[in-house]
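The block underneath contains the structure these notes are about, expressed in structure tokens.
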Amino acid sequence: MAQVKLENIFKIFEKNVTAVNNVSLTIEDREFMVLVGPSGCGKSTTLRMIAGLEEISDGNIFIDDQKVNDVPPKDRDIAMVFQNYALYPHMTVSENMAFGLKLRKFPKPEIEQRVNEAAEILNLKEYLDRKPKALSGGQRQRVAVGRAIVRKPKVFLFDEPLSNLDAKLRVQMRLEISKLHQRLETTMIYVTHDQVEAMTMGDRITVMKDGVIQQVDTPLNLYNKPVNHFVAGFIGSPAMNFIEGNISSNGKPAFKSGNLSLSLPLKNSEQLGTGKKVHLGIRPEHILLKPEKEPDRYARLNATVEVVEPMGNELFIYTSVDGKPLVVRATVQEIPPVNSEIRLFLDAEKILFFDHETSKLMAS
């Protein structure tokens, strides 16, 4: 088991391209940490530097309080699971899982024991004599995970391991990896661009953009208390709604955007500042077609229904408000016709405001 600590890590490629910019992060012992962000944000490069597959340009990396900047990958006591499985096609499942141990000259009985234990955990016992071409994508990925398990490393690293699987298999493998973490009780660092994977798997999540950490927090805190516009828009599906406008006050604070004027029944609205240019943000589930209790806490506006997407137990209603898009998550009992005019009720206690200049979260 191990703590992983990054101190002011930089990765600068040719032509002064900065892929990772002054990243400091501590992954606690036995923690499941997810690095998430759009393509090119530096998350995979960060993982590869932890693994020793990429040299760092500046900073320090510690595993279990040992500085590993110059330690070769094979001596860092880590195991990495890649996106493309990286299995040897001419070897059986058993041989693939045992290969790393054979290189390290482990005794044959111990190799067999470790392979059998990993196969039991991953439900691969009946496939040990098969070659990768005779396996499904999900089974191949389990073999890749098994090859890491037999090493019994201090730290597991996962680099977008589920991106090649179909939707149903991704859900299944998410569950299997989460259960594996609970069973092994070891440190895991997992890279993905899929925020659903991040939200469902991580103890904590590190959100990255342009090589810089935006926020490190629990999934629920990221969702409910994003520190800036980027995190708020990246975490959540459908994404948070945003409307650009200004705060005005004629006795009562209001948000104005073009012809749209929205009264703000907020206790701390005076903190926003009259005339301030802001982005209003609100989650689709916090926009109602019918007000619940405490009707005074809802801001009201009229919208035109453009598209309705039935999702089984809920609907996504895509509307237009004064030419601005607004997505509503509603129950299946509430199905408004396309092109109809509807009244929307925004839960004012759930509205967030982001400063237009800094993108940082303001009063809400």
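Bear in mind that the values here come from a model prediction, so they are computed numbers and not experimental data.
Under the 3.5 Å distance criterion, the side-chain polar atoms of Q141 are matched with a main-chain donor or acceptor of P161. Between the side chain of R147 and the backbone N or O of F99 there is no donor-acceptor pair closer than 3.5 Å. Under the 3.5 Å distance criterion, the side-chain polar atoms of N8 are left unmatched by any main-chain donor or acceptor of N22. The closest donor-acceptor contact from the side chain of N96 to the backbone of T92 lies under 3.5 Å. Between the side chain of T206 and the main chain of V216, no donor-acceptor pair closer than 3.5 Å is present. A side-chain donor-acceptor contact under 3.5 Å links T358 to the backbone of K360. For the pair K43 (side chain) and G37 (backbone), a donor-acceptor distance under 3.5 Å is present. A donor-acceptor contact shorter than 3.5 Å is absent between the side chain of D58 and the backbone of F10. Between the T200 side chain and the V196 main chain, a donor and an acceptor come within less than 3.5 Å of each other.
Using a 4.5 Å heavy-atom threshold, the side chains of K5 and E7 count as touching. No side-chain heavy atom of L169 sits less than 4.5 Å from a side-chain heavy atom of V171. Side chains of K277 and I247 form no contact here, defined as non-hydrogen atoms less than 4.5 Å apart. Proximity of I205 to L222: side-chain heavy atoms (C-beta onward) are separated by under 4.5 Å at one or more points. Using a 4.5 Å heavy-atom cutoff, the side chains of T186 and R30 are not in contact. A 4.5 Å side-chain heavy-atom check between L361 and F353 finds every atom pair outside the cut-off. A 4.5 Å side-chain heavy-atom check between M33 and L25 finds at least one atom pair inside the cut-off. Using a 4.5 Å cut-off on side-chain heavy atoms (C-beta onward), M49 and L6 make no contact.
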Counting only pairs under 3.5 Å, give me each side-chain donor-acceptor contact of residues 77-89, with atom names and distances, residues two or more places apart or in other chains.
unit_1 : atom_1 : unit_2 : atom_2 : d
Q83    : NE2    : S163   : OG     : 3.1

Counting only pairs under 3.5 Å, give me each side-chain donor-acceptor contact of residues 121-133, with atom names and distances, residues two or more places apart or in other chains.
unit_1 : atom_1 : unit_2 : atom_2 : d
Y127   : OH     : Q139   : NE2    : 3.2

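With respect to P284, the side-chain contact (heavy atoms from CB on, under 4.5 Å) criterion is satisfied by exactly one of E314, M240, R329: R329.
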Using the rule given for salt bridge (Lys or Arg N to Asp or Glu O under 4.0 Å), can you reason through E176 versus R142, listing the C-alpha separation, both sets of side-chain angles and the distance that settles it, and then say yes or no? CA-CA 9 Å; E176 290 189 13; R142 289 209 298 274; 3.7 Å; yes
Check against side chain to side chain contact (heavy atoms under 4.5 Å, CB included), L301 and L326: CA-CA 11 Å; L301 49 79; L326 211 62; 4.3 Å; yes
Under the salt bridge (Lys or Arg N to Asp or Glu O under 4.0 Å) criterion, do K276 and D355 qualify, and how do the steps go? CA-CA 8 Å; K276 187 77 173 177; D355 187 288; 2.9 Å; yes
Please walk me through it: do V231 and Q215 pass side chain to side chain contact (heavy atoms under 4.5 Å, CB included)? CA-CA 7 Å; V231 175; Q215 186 173 354; 3.5 Å; yes
Between T192 and E160, is the side chain to side chain donor-acceptor pair (under 3.5 Å) condition met? List the steps. CA-CA 5 Å; T192 181; E160 306 219 29; 4.9 Å; no
As a quick check of understanding, evaluate salt bridge (Lys or Arg N to Asp or Glu O under 4.0 Å) for K324 and D322, giving each step before the final call. CA-CA 6 Å; K324 301 170 181 64; D322 191 34; 3.4 Å; yes
Go through it in stages, so that I can follow the logic: the residues are L262 and L346, the test is side chain to side chain contact (heavy atoms under 4.5 Å, CB included), and I'd like the CA-CA distance, side-chain angles, deciding distance and then a yes or no. CA-CA 10 Å; L262 197 61; L346 282 62; 3.9 Å; yes
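Going from atom CD1 of I177 over to atom CZ of F156 covers 11.0 Å, rounded to the nearest 0.5 Å. Atom CD1 of residue I213 and atom OG of residue S24 lie 7.0 Å apart, to the nearest 0.5 angstrom. A distance of 5.5 Å separates CG in L101 from CZ in F106, rounded to the nearest 0.5 Å. With rounding to the nearest 0.5 angstrom, the CZ atom of R140 is 6.5 Å from the CG atom of L135. Atom-to-atom distance recorded for Q195:CD and Y223:OH is 9.0 Å, nearest 0.5 angstrom. Atom CD1 of I56 is separated from atom OG1 of T45 by 13.0 Å, given to the nearest 0.5 angstrom.
The side chain to side chain donor-acceptor pair (under 3.5 Å) search around N116 returns none, not counting sequence neighbours.
In this structure, F230 and F234 have parallel ring planes: the angle between them is below the 30° cut-off, well short of the 60° mark. Between F158 and Y190, the ring planes lie tilted relative to each other; the angle falls in the 30° to 60° range.
The list of salt bridge (charged side-chain N to carboxylate O under 4.0 Å, His left out) pairs with a residue in residues 200-211, not counting sequence neighbours, reads E31-R204. Screening residues 100-115 for side-chain hydrogen bond (donor to acceptor under 3.5 Å, both in side chains) gives E110-R114, Q113-E117 as the qualifying pairs, with residues at least two apart or on separate chains. Note on residues 11-25: pairs passing salt bridge (charged side-chain N to carboxylate O under 4.0 Å, His left out), not counting sequence neighbours, are K11-E54.
Applying the 6.0 Å contact sphere to CG of D65 captures no more than 12 heavy atoms from other residues, nucleotides or ligands. The environment of L220 atom CG is sparse: at most 12 non-hydrogen atoms of other residues, nucleotides or ligands sit within 6.0 angstrom.
Shown here for L180 and V145, the closest heavy-atom pair between the two residues is CD2-CG1, 3.5 Å. Minimum interatomic distance between K154 and D64 (heavy atoms only, all atoms of both residues): NZ-OD2, 3.4 Å. Contact record, G202 with V34: CA-CG2, 3.6 Å, taken as the closest heavy-atom pair. When all heavy atoms of Q214 and N228 are compared, the closest pair comes out as OE1-ND2, 3.0 Å. Pairing each heavy atom of S261 with each of A254, the nearest pair is OG-CB, 4.3 Å. Closest heavy-atom contact between P38 and M208: CD-O, 3.6 Å.
Hydrophobic clustering, with ILVMFWY side chains joined whenever heavy atoms are under 4.5 angstrom apart, groups L315 together with V305. Criterion: ILVMFWY side-chain heavy atoms under 4.5 Å apart, direct or through other members. Under it, V4 and V191 are part of a common hydrophobic cluster. Both V155 and L53 sit in one connected hydrophobic cluster of ILVMFWY residues. Membership requires side-chain heavy atoms under 4.5 Å apart, directly or through other members. Both I287 and L260 belong to a single network of hydrophobic side chains, linked directly or stepwise wherever heavy atoms of I, L, V, M, F, W or Y lie under 4.5 Å apart. A continuous path of Ile, Leu, Val, Met, Phe, Trp and Tyr side chains, each step under 4.5 Å between heavy atoms, connects L280 with L344, placing both in one hydrophobic cluster.
In summary, the aromatic rings of H229 and F242 are positioned with their centroids under 6.0 Å apart.
Side chains of N69 and N60: a donor-acceptor N/O pair is present below 3.5 angstrom, by distance only.
Using a cutoff of 4.0 Å between basic side-chain nitrogens and carboxylate oxygens, D347 and R297 are scored as salt-bridged.
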